[in-house]
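What you are looking at is a predicted structure, and each value in this text was computed from that prediction instead of being measured.
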Amino acid sequence: MENGYRIIIADDHPLFRNALHQAVQLAVEGAQLHEVDSIDNLMALLIKVTDVDLLLLDLKMPGASGFSGLVQLRNQYPELPVVVVSASEEPAVVQQAMRFGALGFIPKSAPMPTLVGALDRILAGDPWWPEGLNLGEDAGDDLAARLASLTPQQYKVLLMLSEGKLNKQIAYELEVSEATIKAHVTAIFRKLGVQNRTQAVIVLSQLDIHHQP
């Protein structure tokens with residue numbers, strides 16, 4: 001495949017980052033590779049690096065709990081092609097990754113030839129999912145749609161609410177007025193269909209892969 005691709009590997013395990021690095025080089029000779037080990041470092045990199053052709057994202061790394069990293073990325077960078085690479089291979093996890101906007105899901109247990117083949121397909125413009133995946137619909141679709149309706153700033157506020165922070169603290173950290181945060185919180189409740197902070201945090205907790213049905 002022709003080179004010139006810009007690819008980011010986001011995983012906090014050095015050994016697996018190295019394995020992915022090798023797979024990418026086998027699939028795409030001459031690709032420009034970037035590696036990060038946390039969501040914070042990934043967000044910082046995306047500010048500096050544009051025209052990313054593919055992000056390979058681990059679900060579990062510092063700054064991310066379950067699908068929160070994927071949802072945050074889809075909210076802030078809706079055009080960024082994201083493929084989940086995870087050790088959590090249950091069908092419900094794979095289905096949720098699809099609902100939250102991933103273009104593919106590669107199990108970490110996949111042998112190198114499968115990794116290379118999956119990357120080849122994805123970079124050619126085709127999605128790649130494990131064989132035998134049942135794509136039936138369930139309540140997860142509604143959760144994905146509600147969370148996807150949040151703006152990037154509203155999603156940040158929701159994450160801070162889940163950390164138990166008060167409006168005043170959130171306003172200080174985001175450098176906006178407390179009235180602005182109150183407006184965000186009202187919009188978050190409306191979009192998520194909840195009445196209070198506790199219910200909003202419960203919705204967010206459903207992003208944790210351990211809570212998937």
Should [X] and [Y] count as side-chain neighbours, where that means a heavy-atom distance under 4.5 Å?
| X | Y | result |
| --- | --- | --- |
| L150 | I188 | yes |
| I170 | V185 | no |
| V82 | L103 | no |
| L174 | V157 | yes |
| I39 | M61 | yes |
| Q72 | L159 | yes |
| L158 | L192 | yes |

Please name the pair of heavy atoms, one in [X] and one in [Y], separated by the smallest distance, quoted to 0.1 Å.
| X | Y | value |
| --- | --- | --- |
| A31 | I7 | CB-CD1, 4.2 Å |
| Q169 | G164 | OE1-O, 4.3 Å |
| S149 | K191 | O-NZ, 2.9 Å |

Rounded to the nearest 0.5 Å, how far apart are [atom1] of [X] and [atom2] of [Y]?
| X | Y | atom1 | atom2 | result |
| --- | --- | --- | --- | --- |
| Q95 | E90 | CD | CD | 11.5 Å |
| L20 | I8 | CG | CD1 | 13.0 Å |
| S88 | Q96 | OG | CD | 12.5 Å |
| D58 | S38 | CG | OG | 12.0 Å |
| W129 | F105 | CH2 | CZ | 8.5 Å |
| H34 | Q32 | NE2 | CD | 4.0 Å |

According to side-chain contact (heavy atoms from CB on, under 4.5 Å), who are the partners of [X], at least two apart in sequence or on a separate chain?
| X | value |
| --- | --- |
| S109 | E89, P107 |
| S177 | A179, T180 |
| A118 | I106, W128 |
| R17 | I9, D11, P14, E35, D37 |

Q. Hey, mind stepping through L56 and L119 against side-chain contact (heavy atoms from CB on, under 4.5 Å) and telling me if it holds?
A. CA-CA 10 Å; L56 299 171; L119 290 169; 3.8 Å; yes

Any donor-acceptor pair under 3.5 Å from [X] side chain to [Y] backbone:
| X | Y | value |
| --- | --- | --- |
| T114 | A110 | no |
| Q154 | T151 | yes |
| Q199 | Q195 | yes |

(Q) Show every side chain to side chain donor-acceptor pair (under 3.5 Å) that has at least one partner inside residues 157-167, sequence neighbours left out. (A)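 Qualifying pairs, neighbours excluded: E163-K165, K165-E173, N167-R197.
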
(Q) What I want to find out is whether D12 reaches K60 closely enough, with some N-O distance under 4.0 Å, to be called a salt bridge. (A)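 Looking at D12 and K60, the cut-off is not met.
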
Q: Assess whether side-chain contact (heavy atoms from CB on, under 4.5 Å) is satisfied between Q22 and L115, documenting all intermediate values.
A: CA-CA 10 Å; Q22 292 181 37; L115 265 176; over 6 Å; no

Q: Decide side-chain contact (heavy atoms from CB on, under 4.5 Å) for V94 and V84; before the verdict, give the C-alpha distance in whole Å, the side-chain angles of both, and the deciding distance to 0.1 Å.
A: CA-CA 9 Å; V94 180; V84 170; over 6 Å; no

Q. What residues, two or more places apart in sequence or in another chain, satisfy side chain to side chain donor-acceptor pair (under 3.5 Å) together with K156?
A. none

Q.
Same cluster or not: V201 versus I181, using hydrophobic residues (I, L, V, M, F, W, Y) connected whenever any side-chain heavy atoms lie under 4.5 Å apart?
A.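 Not linked; separate clusters.
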
Would you mind writing out the side-chain donor-acceptor pairs for residues 42-55 within the sub-3.5 Å range, not counting sequence neighbours?
unit_1	atom_1	unit_2	atom_2	d
D53	OD2	R6	N	2.8

Q | Option from V36, V85, L73 for which side-chain contact (heavy atoms from CB on, under 4.5 Å) with L57 holds | A | L73

